Amino acid sequence: MEADIIKSPDTARKNRVPPGQKLTEKWPVLHYGTAHKIDVAGWTFKIFGLVEKERTLTWDEFRALPHVKVFSDIHCVTTWSKLDNLWEGVSTGVIRDLVSIKPEARYVMVHGAGGFTTNLSADDFFQPDVLLALKHDGRDILPEHGAPVRLVVPRLYFWKSAKWVTGIEFMAEERPGFWESNGYHLRGDPWKEERYSR
Ligand SMILES: Nc1nc2c(c(=O)[nH]1)N[C@H]1C(S)=C(S)[C@@H](COP(=O)(O)O)O[C@H]1N2
Ligand SMILES: [Mo]
């Protein structure tokens, strides 16, 4: 494997399939409501909440940020897993360096088109294998998979990987996102089967 690819640590496990999951070769499309077809000309990426100064990036500004490649597995809470994905995009560490985050900001809300949200701890959000992906297996992300930019959080169930991302909000307190308010676990570690909260 090329040296400049970040390998998500779960891909080094002897058994890469978490409990209760089944492997699939194809890539299902799953989301609440209708798929969004985003015109990059009007797309913006907003970094807001507990930062010294909020920032809004245009598509040209966003895609000019340095890129990383991440090799990871997908685990959907509906029990399918898809191994060996190669993502390309902007590391969340690059986002961190674009703003001055206030020390009390220990949580993140990821915002997607149509009002979708998902919550993460800042610690989970800034893991080195988390990225805002523009490409999957060498091709631009398709609209139904979240184009132009989707989040990828390899170590948590795939509902945390928000499609059609529009912004990142920094928060002092944890607030449940869309699926988390509808019965999904607040964190969602597939190796602990943190599927539902009740
Ligand atoms: N904006 C948005 N992102 C979303 C969702 C959604 O409803 N809206 N669903 C999540 C869920 S539950 C899953 S399993 C994955 C599915 O991604 P895929 O369609 O690329 O497989 O997207 C996640 N990201
Ligand atoms: Mo899901």
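Counting starts at 1 for both ligands and their atoms, in listed order. From a predicted model like this one, the values you see are computed outputs, not experimental measurements.
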Novice: Heavy atoms only, cut-off 4.0 Å: how does Ala113 contact ligand 1, side chain, backbone, both, or neither?
Specialist: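 Ala113 to ligand 1: no contact under 4.0 Å from either part.
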Novice: Using a 4.0 Å heavy-atom threshold (strictly under), name the region of Trp159 that reaches ligand 1: side chain, backbone, both or neither.
Specialist: both
Novice: Between Arg155 and Asp189, is any pair of side-chain heavy atoms under 4.5 Å apart?
Specialist: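 No. Closest side-chain heavy atoms not under 4.5 Å.
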Novice: Measuring from the heavy atoms of Ala162, does anything fall under 4.0 Å of ligand 1?
Specialist: yes
Novice: Distance to the ring centre below 6.0 angstrom and angle to the axis at most 45 degrees; does that hold for Arg13 and Trp191?
Specialist: yes
Novice: Within 45° of the ring axis of Tyr107 and under 6.0 Å from its six-membered ring centre, is that where the NZ or CZ of Arg175 lies?
Specialist: no
Novice: For ligand 1, which is the ligand I care about here, please tell me if Trp27 has any N or O atom under 3.5 Å from one of the ligand's N or O atoms.
Specialist: yes
Novice: Taking the basic N atoms (NZ, or NE/NH1/NH2) and the acidic carboxylate oxygens, is any pair closer than 4.0 Å for Lys102 and Glu104?
Specialist: no
Novice: Going by the atom numbers of ligand 1, which of them fall below 4.0 Å from some non-hydrogen atom of Trp80?
Specialist: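 Once the distances to Trp80 are compared, the set is 21 (O).
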Novice: Just to confirm my output: which protein heavy-atom neighbour is closest to atom 7 (O) of ligand 1, and how far is it?
Specialist: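 The answer is Tyr32 N, 2.8 Å.
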Novice: Where does Phe158 meet ligand 1, judged by heavy-atom distances below 4.0 Å: at the side chain, the backbone, both, or neither?
Specialist: both
Novice: Got Met171 and Arg106 here, is their nearest side-chain heavy-atom distance under 4.5 Å?
Specialist: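 Heavy-atom side-chain distance check fails, nothing below 4.5 Å.
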Novice: Please step through side-chain hydrogen bond (donor to acceptor under 3.5 Å, both in side chains) for the pair His67 and Glu88, ending with a clear verdict.
Specialist: CA-CA 7 Å; His67 283 198; Glu88 185 181 329; 3.2 Å; yes
Novice: Would His145 count as being in polar contact with ligand 1, using the rule that some N or O on each side must be under 3.5 angstrom apart?
Specialist: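 Yes; at least one N/O pair falls below 3.5 Å.
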Novice: Kindly identify the option in Tyr184, Phe178, Trp179 whose heavy atom sits closest to atom 9 (N) of ligand 1.
Specialist: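 It is Trp179 that holds the nearest heavy atom.
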Novice: Can you report which non-hydrogen protein atom sits closest to atom 24 (N) of ligand 1, along with the distance?
Specialist: Ser161 O, 3.2 Å
Novice: Counting only heavy atoms, tell me which of His136, Glu144, His75, Arg150 gets closest to atom 22 (O) of ligand 1.
Specialist: Arg150
Novice: To the closest 0.5 Å, what do you measure between CG (Leu30) and NE2 (His145)?
Specialist: 9.5 Å
Novice: Should Cys76 be counted as touching ligand 1, given the test is an N or O pair under 3.5 Å?
Specialist: no
Novice: Shared ILVMFWY cluster between Phe126 and Val70, side chains joined below 4.5 angstrom?
Specialist: no
Novice: Find out whether Leu50 and Ile101 are in side-chain contact, i.e. whether some heavy atom of one side chain is under 4.5 Å from a heavy atom of the other.
Specialist: no
Novice: Considering non-hydrogen atoms of the protein only, which is the closest contact for atom 21 (O) of ligand 1, and what is the distance?
Specialist: Pro28 O, 2.7 Å
Novice: What protein heavy atom is closest to atom 8 (N) of ligand 1, reported as residue, atom name and distance in Å?
Specialist: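 Answer, as residue, atom name and distance: Phe116 CD1, 3.2 Å.
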Novice: Is it the case that ligand 1 has an N or O less than 3.5 angstrom from some N or O of Lys163?
Specialist: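 The answer is yes, given that Lys163 and ligand 1 share an N or O pair closer than 3.5 Å.
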Novice: Purely on distance, is any nitrogen or oxygen of Leu30 under 3.5 Å from one on ligand 1?
Specialist: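 N/O-N/O distance below 3.5 Å exists for this pair.
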Novice: Do the non-hydrogen side-chain atoms of Ser8 and Phe71 ever get within less than 4.5 Å of each other?
Specialist: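 Not in contact.
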